[in-house]
Amino acid sequence: MPSPKYSLLENERRFLVIAPPDLTGARVRLIEDRYLSCGRLRLRRITHFDGHLPEFKLCKKYGSDDPFSEPITNIYLSEAEHAALSALAAHPLRKRRHTVRWGERGFSVDVFEGPLTGLVTCEAEAESPEAIRARAFPPWAAREVTTDPRFSGAHLATLAAEDLAAQLALA
């Protein structure tokens, strides 16, 4: 299937992290997502702690037969636009995203908050489907969950703490 007009291909893999690396000194930002109840839309606020202004985005992920690559579109919003869309029914998700280096590559380590406290994931993107498949991940990226829909942001946003515990026990 051809990619929808204006979309880009996101090539990404995700892993559970059992013993996180030392995050001291890593670049960190707070990501507050709202997964809208009306489809595959995500409203995002990114708070930077390095002096950059907050970012506001509306994202559409289209799905794909390839679990490592899917078309995605982001629309950058003003704070007022984000606030208006925040009134829509949605499931919230909060995490702190740390950017760390391992070897020659950068990786995102997401430390979840709220009902998902205790969940830590690692993800990386690459320029092509082939490149993300070939990407080596750090040893602390313990178990790949890219193809497990239970670890998508949209699903995680619906979980209570006890649901997460049960899900991790099955993982």
Side-chain angles (χ1 to χ4, degrees), residues 8-37 39-49 55 57 59-72 74 90-171:
L8 298 174
L9 198 58
E10 180 182 61
N11 307 294
E12 178 182 72
R13 290 173 65 196
R14 286 180 312 282
F15 287 74
L16 289 177
V17 174
I18 304 305
D22 181 10
L23 299 175
T24 306
R27 178 177 171 237
V28 64
R29 31 219 196 278
L30 175 64
I31 296 177
E32 298 170 281
D33 287 335
R34 294 183 51 77
Y35 288 88
L36 302 183
S37 302
R40 294 180 54 95
L41 296 171
R42 177 186 71 206
L43 190 60
R44 175 169 278 184
R45 176 190 176 104
I46 303 172
T47 302
H48 298 272
F49 299 108
E55 292 178 64
K57 299 191 244 184
C59 172
K60 166 83 173 176
K61 289 192 173 190
Y62 294 91
S64 171
D65 292 336
D66 182 343
F68 302 111
S69 302
E70 74 176 303
I72 183 174
N74 277 300
H91 298 284
L93 182 129
R94 282 176 55 107
K95 60 189 176 185
R96 292 190 186 261
R97 175 164 286 167
H98 304 263
T99 302
V100 299
R101 303 234 14 116
W102 181 74
E104 299 293 315
R105 304 278 185 201
F107 294 86
S108 294
V109 175
D110 290 338
V111 179
F112 290 81
E113 298 181 353
L116 301 178
T117 296
L119 177 63
V120 181
T121 61
C122 170
E123 66 179 50
E125 295 183 17
E127 61 282 352
S128 70
E130 298 78 23
I132 197 60
R133 281 181 174 78
R135 172 78 41 98
F137 275 73
W140 38 264
R143 179 178 176 270
E144 185 159 14
V145 293
T146 305
T147 61
D148 188 337
R150 298 173 303 162
F151 290 95
S152 71
H155 178 75
L156 289 172
T158 67
L159 294 181
E162 57 274 7
D163 299 328
L164 175 64
Q167 186 166 300
L168 288 173
L170 295 172

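Along the sequence shown, the residues carry numbers beginning at 1. Values in this document were obtained by computation on a predicted structure and should not be read as measured data.
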How long is the straight-line distance from OH of Y35 back to CZ of R44, given to the nearest 0.5 Å?
6.0 Å
Could you check whether any side-chain N or O of R94 sits under 3.5 Å from a backbone N or O of G114, counting only pairs where one atom can act as donor and the other as acceptor?
no
Any P92 side-chain heavy atom under 4.5 Å of D33 side chain
no
Are P129 and L9 close enough that some pair of their side-chain heavy atoms sits under 4.5 Å apart?
yes
Distance (rounded to the nearest 0.5 Å) between F151 CZ and E144 CD
12.5 Å
Go through it in stages, so that I can follow the logic: the residues are S64 and D66, the test is side chain to side chain donor-acceptor pair (under 3.5 Å), and I'd like the CA-CA distance, side-chain angles, deciding distance and then a yes or no.
CA-CA 5 Å; S64 171; D66 182 343; 5.6 Å; no
So do E12 and T146 actually touch side chain to side chain, heavy atoms under 4.5 Å?
no
Is any side-chain N of the basic residue among E55 and R29 closer than 4.0 Å to the acidic one's carboxylate O?
no
Take atom CZ in R105; do more than 12 heavy atoms of anything else shown fall under 6.0 Å from it?
no
Electrostatic pair R150:D163 at N-O distance under 4.0 angstrom
no
Derivation and outcome, side-chain contact (heavy atoms from CB on, under 4.5 Å), residues R42 and L93:
CA-CA 10 Å; R42 177 186 71 206; L93 182 129; over 6 Å; no
Under 4.5 Å between any side-chain heavy atoms of L23 and P21, yes or no?
yes
Please examine the side chains of R34 and R45, heavy atoms only from C-beta on, and report whether any two atoms are closer than 4.5 Å.
no
Below 4.5 Å, heavy atoms only, C-beta onward: do L16 and L168 meet side chain to side chain?
yes
Side chain to side chain, L159 and H155, heavy atoms closer than 4.5 Å:
yes
Are any non-hydrogen side-chain atoms of W140 and V100 less than 4.5 angstrom apart?
yes
So, taking the atom named CZ in F68 and the one named CZ in R135, what distance separates them when rounded to the nearest 0.5 Å?
13.0 Å
If we count only N and O atoms by modelled type, under 3.5 Å, do the side chains of S152 and R14 hold a donor and an acceptor together?
no
